[in-house]
Enquirer: 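Quick one: structure below, then a few questions.
Owing to the predicted nature of the structure, the values given are computational and were not obtained by experimental measurement. We count ligands from 1, going down the list as the structure has it; atoms in each ligand are counted the same way.
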Amino acid sequence: MKVYNTLSRKKEDFIPLEEGKVKMYVCGPTVYNLIHIGNARPMIVFDTVRRYMEYKGYEVNFVSNFTDVDDKIIKKAVEEGVSAQEISSRYIEECKKDMAGMNVKSATFHPLATQEIEGMLEMISTLIDKGFAYKAADGTVYFRTRKFEEYGKLSHKNLDDLQAGHREIKVTGDEKEDPLDFVLWKPKKDGEPYWESPWCQGRPGWHIECSVMAKKYLGDEIDIHAGGEDLVFPHHENEIAQSEACNGKIFSRYWLHNGFLNIDHKKMSKSLGNFFTVREIGEKYDLQVLRFFMLSAHYRSPLNFSGELMEAAKNGLERILNAAENLEHLKSSSKLELMTSKEEALWQESSVFAEKFEAAMDDDFNTADACSAVFELVKFCNTSVSEESSQEFLGKLYGRMTQLCDILGILLEKKEIILDEEIEGLIAERQAARKEKNFARADEIRELLLEQGIILEDTREGVKWKRA
Ligand code: AMP
Ligand code: ZN
């Protein structure tokens with residue numbers, strides 16, 4: 001299996017630290033709002049990487065954090081007049097619902113930064129003891145960037161170029177020894193959450209959180225560290241500096257980064273306001289369509305979001321689900337139990353699609369080509385089966401489709417999703433039924449909607465509805 005390593009800028013053979021095991025850390029979202037579909041890209045692509053590794057027989061220890069202390073969370077808490085913790089736990093729950101909708105498996109551990117402060121204090125103390133960090137007069141602790149000689153090895157940046165960039169933006173009153181130094185611990189501001197520390201009452205910097213959580217749940221050395229490409233610098237570069245300076249070992253062997261999800265060829269982001277939440281997309285499409293759309297491109301390529309591409313993904317997915325449904329249907333009415341010799345030969349022939357699928361995934365998780373192999377298998381199934389086919393043959397083909405689609409995280413059962421306009425139509429019908437005193441029909445419609453997860457509320461301003 002070859003994986004592209006940002007560190008070497010090359011595809012390399014994947015060799016785990018320990019045979020048969022993979023230790024993988026993926027930087028998770030900052031939880032201050034519903035996640036957008038850009039945030040969903042690393043979730044989907046690295047979940048697929050994990051599934052493929054598991055298919056190959058590896059035991060994968062998959063850790064992905066939630067950043068639950070951050071300026072944006074605090075700002076939102078102030079706006080709503082609630083605690084930062086209330087905001088983060090609310091959006092962690094919402095994020096987990098979205099992940100389930102996209103069929104993203106739960107991580108082995110989902111650590112929260114605020115629960116790991118102890119480990120952060122320890123790592124920062126070690127870095128100070130080793131001379132890699134220092135406390136400034138106001139209690140801020142900085143990492144001494146130039147002391148870590150390999151700084152820049154991931155992002156391929158040169159310290160002097162970085163220095164030149166920083167000189168222009170140097171802020172007066174900065175207490176850093178060097179503009180390149182970054183924060184490990186910072187003093188609290190009024191009204192902010194804080195923790196006691198040997199340096200000041202305060203909170204951790206963002207980068208130290210991931211170094212500590214990866215160390216605690218996976219160890220000093222891990223196989224894969226992943227995230228979106230915007231995390232290469234400074235987040236991952238700083239994580240390497242902290243972890244390697246503290247532990248004296250190579251932190252992660254392979255660094256994987258997904259390309260951006262764009263809209264009108266610009267990065268989709270909260271700050272630019274050009275985003276769709278996963279929740280919004282879920283109102284129009286089954287989230288499996290979103291997943292399939294994400295996997296239609298290579299994970300490192302930029303991917304432009306558009307209605308047309310989503311429609312294409314929807315049609316493609318339907319073709320797969322229809323083929324699976326057809327196999328099941330034929331199997332339930334088939335009279336022949338065992339494969340004929342002609343079917344034996346066809347079954348052997350169909351292994352070529354699984355081989356193509358694996359070859360694509362072995363080549364740095366080329367899901368685009370892997371999807372093409374699934375489409376070829378679909379076509380093969382559609383043309384090789386009939387009412388005369390045996391149950392064994394139909395079952396085996398269904399099994400092969402399930403196996404490949406499972407790796408992509410695509411479920412073969414069809415899920416009907418109810419669109420906004422259909423809901424509005426049923427509500428209007430229910431109102432009309434009530435007017436005619438046909439309460440039985442009105443109740444039936446309420447039940448029908450409830451089965452689809454739609455909750456109705458009769459208010460003075462009329463009927464309101466929401467998705468459960
Ligand atoms: P954040 O909550 O901003 O820290 O982002 C969580 C994860 O989503 C990180 O791995 C980001 O790199 C990734 N991410 C954010 N926006 C996008 C985007 N438009 N396309 C792909 N990945 C993104
Ligand atoms: Zn991180």
Side-chain angles (χ1 to χ4, degrees), residues 6 24-47 49 62-73 76 87-88 91-92 94-95 98-99 102 104 107 109-113 116 120 123 154-155 182 184 204-218 222 224-243 251-252 255-278 281 290-291 293-295 297-306:
T6 307
M24 180 165 180
Y25 186 95
V26 181
C27 292
T30 307
V31 276
Y32 65 101
N33 219 326
L34 291 174
I35 57 162
H36 62 69
I37 56 176
N39 302 132
R41 192 171 187 197
M43 290 176 182
I44 291 171
V45 300
F46 297 121
D47 176 62
V49 166
F62 188 98
V63 176
S64 190
N65 68 301
F66 287 111
T67 296
D68 64 342
V69 54
D70 172 89
D71 288 344
K72 289 177 253 157
I73 299 174
K76 178 100 171 180
I87 297 291
S88 58
Y91 290 111
I92 287 170
E94 297 302 336
C95 179
D98 288 337
M99 286 167 77
M102 298 185 293
V104 170
F109 293 104
H110 273 295
L112 306 183
E116 308 293 341
M120 297 180 206
M123 190 179 274
L154 180 72
S155 53
F182 60 88
L184 299 175
W206 170 37
H207 318 302
I208 197 77
E209 297 174 7
C210 288
S211 281
V212 167
M213 292 186 265
K215 180 180 168 79
K216 174 160 170 192
Y217 294 95
L218 296 170
I222 70 174
I224 299 178
H225 196 123
E229 67 183 5
D230 54 335
L231 300 188
V232 174
F233 186 85
H235 186 53
H236 288 165
E237 194 69 64
N238 291 356
E239 277 191 49
I240 291 178
Q242 297 163 155
S243 297
F251 179 30
S252 177
W255 289 83
L256 272 57
H257 294 99
N258 66 272
F260 283 145
L261 181 72
N262 294 326
I263 191 153
D264 297 328
H265 302 282
K266 281 194 227 67
K267 182 195 169 188
M268 183 175 290
S269 78
K270 292 249 165 75
S271 51
L272 293 172
N274 60 347
F275 63 89
F276 291 107
T277 61
V278 169
I281 298 301
L290 181 66
R291 181 164 185 129
F293 158 76
M294 297 277 186
L295 298 178
H298 190 276
Y299 76 93
R300 281 190 287 118
S301 311
L303 176 59
N304 207 47
F305 180 82
S306 73

Enquirer: Please determine if G38 has a nitrogen or oxygen closer than 3.5 Å to a nitrogen or oxygen of ligand 1.
Expert: yes

Enquirer: Could you check L112, T67, D70 and say which one makes a side-chain contact (heavy atoms from CB on, under 4.5 Å) with E209?
Expert: T67

Enquirer: Specify the protein heavy atom at minimum distance from atom 4 (O) of ligand 1: its residue, its atom name, and the distance to 0.1 Å.
Expert: T30 OG1, 3.6 Å

Enquirer: Mind running side chain to side chain donor-acceptor pair (under 3.5 Å) on Q242 and H207 for me, showing each step along the way?
Expert: CA-CA 8 Å; Q242 297 163 155; H207 318 302; 5.8 Å; no

Enquirer: Taking heavy atoms and a distance under 4.0 Å, where does L261 meet ligand 1: side chain, backbone, both or neither?
Expert: both

Enquirer: Backbone N or O of Y91 within a donor-acceptor pair of the N33 side chain at under 3.5 Å?
Expert: no

Enquirer: Return yes if some donor-acceptor pair links the side-chain N/O of N274 with the main-chain N/O of S269 below 3.5 Å, else return no.
Expert: yes

Enquirer: Give a yes/no answer: is there an N/O/S atom of H207 under 2.8 Å from the Zn ion (ligand 2)?
Expert: no

Enquirer: Anything under 30° is parallel, anything over 60° is perpendicular, the rest tilted; go ahead and classify H236 against H225.
Expert: perpendicular

Enquirer: Can you name the N/O/S atom of H235 that is nearest the Zn ion (ligand 2)?
Expert: NE2

Enquirer: Would P42 count as a contact of ligand 1 if the rule is a heavy atom under 4.0 Å away?
Expert: yes

Enquirer: Got a second to check how far F109's CZ is from F62's CZ, nearest 0.5 Å?
Expert: 13.5 Å

Enquirer: About how many Å separate NZ of K270 and CZ of F275, when rounded to the nearest 0.5 Å?
Expert: 6.0 Å

Enquirer: In the protein, what heavy atom is nearest to atom 11 (C) of ligand 1, and what distance, to one decimal place, separates them?
Expert: D230 OD1, 3.5 Å

Enquirer: If we only count heavy atoms from C-beta on, is the F305 to I281 side-chain gap below 4.5 Å?
Expert: yes

Enquirer: My understanding is that we take every heavy atom of each candidate and find the minimum distance to atom 8 (O) of ligand 1. Doing that for N39, V31, L272, N274, which one comes out nearest?
Expert: N39

Enquirer: Answer with yes or no whether A226 contacts ligand 1, where contact means a heavy atom under 4.0 Å from a ligand atom.
Expert: no

Enquirer: Report yes or no: does N304 contribute a side-chain atom to a donor-acceptor pair with the main-chain N or O of H265 at less than 3.5 Å?
Expert: yes

Enquirer: Do me a favour and list the nearest non-hydrogen protein atom to atom 19 (N) of ligand 1 with residue, atom name and distance?
Expert: M268 O, 2.8 Å

Enquirer: Taking only heavy atoms of G259, which atoms of ligand 1 are found under 4.0 Å from at least one of them?
Expert: 21 (C)

Enquirer: Only heavy atoms of G228, strictly under 4.0 Å: list the atoms of ligand 1 that pass.
Expert: 10 (O), 12 (O)

Enquirer: Distance from M268 atom CE to R41 atom CZ, nearest 0.5 Å?
Expert: 11.0 Å

Enquirer: Short list, please: which atoms of ligand 1 are under 4.0 Å from a heavy atom of H36?
Expert: 16 (N)

Enquirer: Looking only at protein heavy atoms, which one is nearest to atom 9 (C) of ligand 1, and how far off is it?
Expert: L231 CD1, 3.8 Å

Enquirer: Could you list the atoms of ligand 1 found under 4.0 angstrom from a heavy atom of N258?
Expert: 21 (C), 22 (N)

